[in-house]
Undergrad: 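I am attaching a structure below and will ask some questions about it afterwards.
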Amino acid sequence: MQLNPQQIKAVKAAKGHLLVIAGAGSGKTRVLVERMAYLMRDKEISPAALFAVTFTNKAAREIRERLEQTLDRTLNTMWVGTFHGLAHRFLRTHWRDADLSEQFMILDSDDQQRMLKRIINELQLDDAKFKPRAVASFINGCKDEGQRPQNLQTGQDYYTDTLINLYTHYEQQCQDQNLVDFGELLLRTFETLKENAELRSHYHSRFRNLLIDEFQDTNSIQYAWIRLLAGPDVSVMAVGDDDQSIYAWRGAKIENIHRFERDFAPVSTIRLEQNYRSTDKILKAANAVISNNADRLGKELWTDLGAGESIYLYAAYNEQDEARFVANRLSQYVDQGGLYNEQAILYRSNAQSRVLEEALLRAAIPYRIYGGQRFYERLEIKNALMYLRLIQSRLDDTAFERIINVPPRGIGERTVEQIRSLARQDGIRLWEASNRLIAQSALPGRAKTAVKGFVELIDSLDQHAVEMDLPALARIVIDQSGLVAYHGSEKGERGQARVDNLNELVSACRGFEPENEDSSVLLEFLSQASLDAGEQQADPDADAVQLMTLHSAKGLEFKRVFLVGAEEELFPHRMSLDSVGGLEEERRLAYVGITRAMEYLTISYAETRRLNGRDQFGLLSRFVKEIPNDLIEEVRLETQINRPLSSPSLGARPLGRQHKHPRFQSWEHSDSEDFGFGIGSRVDHGTFGEGTVLSFEGSGPQTKVQVSFDDGSVKWLVMQYAKLVPLG
DNA sequence: CGTGGTTTACATTAG
DNA sequence: GTAAACCACG
């Protein structure tokens, strides 16, 4: 396909700074890739002189692959990656200048919170007032803004002062243990570059072009980093869309777009407003929703792909019904010759994926989940990684604490406390403290044997590390540590799943290709495990439905999109309701969601949803109500429709009902057969009494129907025998 | 003192 | 629904 005039302008722009305001589906990635190809091919700029940064590993991978395809060459060493990934690369190269150990390890948010919890306890603070999570968010927020503890103003109030104190302690411990958290990767890189003129000028003469994707999502420190990298003769191209800014919660500043125009003046600005992705109705809906936000840069997307299908809205009885409905639609499409991987289910929060997964499993629909519980963050995997970390570095107290008694080996809280206290007293690491305690025989006999056993285990595993390759080491570690036996003995299917995952880890090690030849493979692997969530578990080529959160869907597109859980308090999420900014960010998220769809979009919501173990009644999301009625068709699976779906005693009827357009009612669809009642109908059973129909399965007289009876029981009944009477 | 079973608090989004 | 916190037992 040809590039349009604006796209060409962006691709072939002369030297200088460039801001591309690119709406959803306007060919942003393509422009970025074409631009890079143009620079290399036509301007004969070396790949080593390009620096391209994005936000997700997925996006980075895509840019690299598309570029390699366009230029027909491999570009392994080119600086294309996420901010965190590139910062990591920088620090691995310049660890000395950055005042880090060569062995530094990455601390993920879980590790970070554990560490803070320990510090909070050590300082004997009220743990109800100082929650690890909140403290972590304070520290991360500071780092996002480039603030070190010493930059912060103390003496305001006890709470703030304590937070700053915690930050100081935390930072000290990270430095002692060679640990670097996500925020630190960025901040440390920035500071190193800032304080080292030599390094700076090295990179100024190296990188001739900086390209930044999703510019609206950059936070202060990322922006500052880019500014530092942009030398006097460097061209910066920033590509972004203020309407797709969805990361304010982690410090992203939409204002950076305006700042860019000022700080980098003169900047030529190009707008890409033609959408090549979605049909008109979908685009109109997206435009209508986003127009409710104030202070937009202003941009109206248009398309010439034709009106397309209506947007469908399905009011599900509950989340099970919603999942079943989606599953039906997914396979219907495949029955008509479509592919699973052209379809995606998008949701607001990861917790929603479970029910969907179950429904897909039942319907034998292949699927692939992105994000959520990351592979490398699973309990059993984390444990295994911690063994590897301790093998790599005995200074790593975080790893030490985590596995000293996992699997249980007779080292309890008391013993660990003794180790801790010696470490604190002598200013040494837990590992060293353990060794001293053993040597001094300062521990009770049983504990001493146990700790000695642990120390010897790690040392012996380390011996293997020298002579074995990574997968063999991983195998030995999970076997000899007892992790396989321990997790395998967990009850139910869980045990087996955990063992499978541990085996999967060995496979991941086997498939691991280190980027950096001169550093230790183990170290590289551990770093990658922290930075890259490990999404390569499933076969990427398999034809599977894609499941992911709205956040991770950004930058992607699908022929058919199912946007589920469109309920107030879920989407927009209740946590975001207390501020205008929060709500507007949710709306941008809705905009992102809608604009992922190329041809077909179904939005669904559940009138009842079991969340956190409680049944909650959902009202249709305000974002759906912001879509003009004439773009939406309400889907009814039942032939009989005039039934209140919530039980009468619960009062308020969901807003979706009031929203009903008269002509929707004539639109009938029969996924299920006509039994005189449908999902949500009230029925009477001779023995069990009255209840509400939850779902159907099968067809003909063999059809099974699931009914929730008023006594609280839920039963599957065979239609043929149940003799259910619809209640009018 | 350490372990296993049981209760209770707690819940976005992500590198 | 999960993981930390708690408590009784060996």
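Values in this document were obtained by computation on a predicted structure and should not be read as measured data. In what follows, chains are A, B, ... by sequence order, proteins preceding strands, each numbered from 1.
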Undergrad: Check this one for me: any side-chain N or O of A:R348 less than 4.0 Å away from OP1 or OP2 of B:dT12?
TA: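 For B:dT12, neither OP1 nor OP2 has a side-chain N or O of A:R348 closer than 4.0 Å.
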Undergrad: Less than 4.0 angstrom from a charged side-chain N to a carboxylate O is my criterion; do A:K131 and A:D127 meet it?
TA: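 Salt bridge absent between A:K131 and A:D127.
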Undergrad: Compare the ring of A:H551 with the six-membered ring in the base of B:dT13 and state whether they stack (centres under 5.5 Å, planes under 30°).
TA: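 Here A:H551 fails the 5.5 Å or the 30° condition.
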Undergrad: When you measure from the side chain of A:R250, which nucleotide among C:dA5, B:dC1, B:dA14 comes out closest?
TA: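 Nearest nucleotide to the side chain: B:dA14.
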Undergrad: Take atom CE of A:M575 and atom P of B:dC10, then tell me their distance rounded to the nearest Å.
TA: 12 Å
Undergrad: Hey, does A:K554 reach any base, or is it just sugar-phosphate, or nothing, if we go heavy atoms under 4.0 Å?
TA: nothing
Undergrad: Between A:I246 and A:R409, which residue's closest nucleotide on DNA chain B lies nearer the 5′ terminus?
TA: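 Residue closer to the 5' terminus by nearest nucleotide: A:R409.
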Undergrad: Inspect the contact between A:R414 and A:E417 and indicate whether a charged nitrogen and a carboxylate oxygen are less than 4.0 angstrom apart.
TA: no
Undergrad: Return the value, rounded to whole Å, for the distance between atom CG of A:D110 and atom P of C:dT2.
TA: 16 Å
Undergrad: Charged N to carboxylate O under 4.0 angstrom, A:D242 versus A:R296?
TA: no
Undergrad: Can you check the A:I404 CD1 to B:dT3 P distance for me, whole Å?
TA: 11 Å
Undergrad: Tell me: NZ of A:K448 to P of B:dG2, nearest whole Å?
TA: 16 Å
Undergrad: Between C:dA3 atom P and A:E377 atom CD, what is the distance in whole Å?
TA: 12 Å
Undergrad: Looking at A:T415, I'd like to know whether one of its side-chain N or O atoms comes within less than 4.0 Å of OP1 or OP2 on B:dG2.
TA: yes
Undergrad: Does a side-chain N or O from A:S576 land closer than 4.0 Å to OP1 or OP2 of B:dT13, or not?
TA: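 For B:dT13, OP1/OP2 do not have a side-chain N/O of A:S576 under 4.0 Å.
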Undergrad: Is A:R188 close enough and on-axis enough to A:F104, meaning under 6.0 Å and within 45°, for cation-pi?
TA: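 No, cation not above the ring by the 6.0 Å, 45° rule.
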Undergrad: Atom CZ of A:R446 to atom P of B:dT3: distance rounded to whole Å?
TA: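 Interatomic distance, CZ of A:R446 to P of B:dT3: 9 Å.
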Undergrad: Under 4.0 Å, counting only non-hydrogen atoms across every strand here, what does A:Y247 touch: a base, just sugar-phosphate, or nothing?
TA: sugar-phosphate
Undergrad: Heavy atoms within less than 4.0 Å of DNA chain B: which residues of residues 349-357 of chain A have one? Give them sorted by number.
TA: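 Of all residues in residues 349-357 of chain A, the ones placing a heavy atom under 4.0 Å from DNA chain B are A:S349, A:N350.
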Undergrad: Describe, in one word, how the ring planes of A:Y247 and A:F55 are oriented to each other, choosing from parallel (under 30°), tilted (30 to 60°) and perpendicular (over 60°).
TA: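 Parallel, since the angle between the ring planes stays under 30°.
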Undergrad: Of the candidate nucleotides C:dA5, B:dC1, B:dT3, which contains the atom at the shortest distance from the side chain of A:P408?
TA: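 Closest of the options to the side chain of A:P408: B:dT3.
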Undergrad: Applying a 4.0 Å non-hydrogen cut-off, can you work out what A:N405 is touching in the nucleic acid: base, sugar-phosphate, or nothing?
TA: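 Touches sugar-phosphate only.
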Undergrad: Can you tell me the distance, in whole Å, between the CZ atom of A:R574 and the P atom of B:dC10?
TA: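 Going from CZ in A:R574 over to P in B:dC10 covers 15 Å.
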Undergrad: Take atom CZ of A:F571 and atom P of B:dT13, then tell me their distance rounded to the nearest Å.
TA: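 Between P of B:dT13 and CZ of A:F571: 13 Å.
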Undergrad: Output yes when A:E65 and A:R61 qualify as a salt bridge under the 4.0 Å nitrogen-oxygen rule, no when they do not.
TA: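 No, A:E65 and A:R61 are not salt-bridged.
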Undergrad: Base, sugar-phosphate alone, or nothing: which one does A:S552 contact when heavy atoms must sit under 4.0 Å apart?
TA: sugar-phosphate
Undergrad: Taking only residues two or more places apart in sequence or in another chain, which ones pass side-chain hydrogen bond (donor to acceptor under 3.5 Å, both in side chains) with A:R588?
TA: A:E585
Undergrad: Think A:K131 has a side-chain N or O under 4.0 angstrom from the OP1 or OP2 of C:dA4?
TA: no
Undergrad: Is it true that A:K382 and A:D111 make a salt bridge, defined as a side-chain N closer than 4.0 Å to a carboxylate O?
TA: yes
Undergrad: Quick check on C:dA4: is either OP1 or OP2 less than 4.0 Å from any side-chain nitrogen or oxygen of A:R114?
TA: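 Looking at the OP1 and OP2 atoms of C:dA4, one of them is under 4.0 Å from a side-chain N or O of A:R114.
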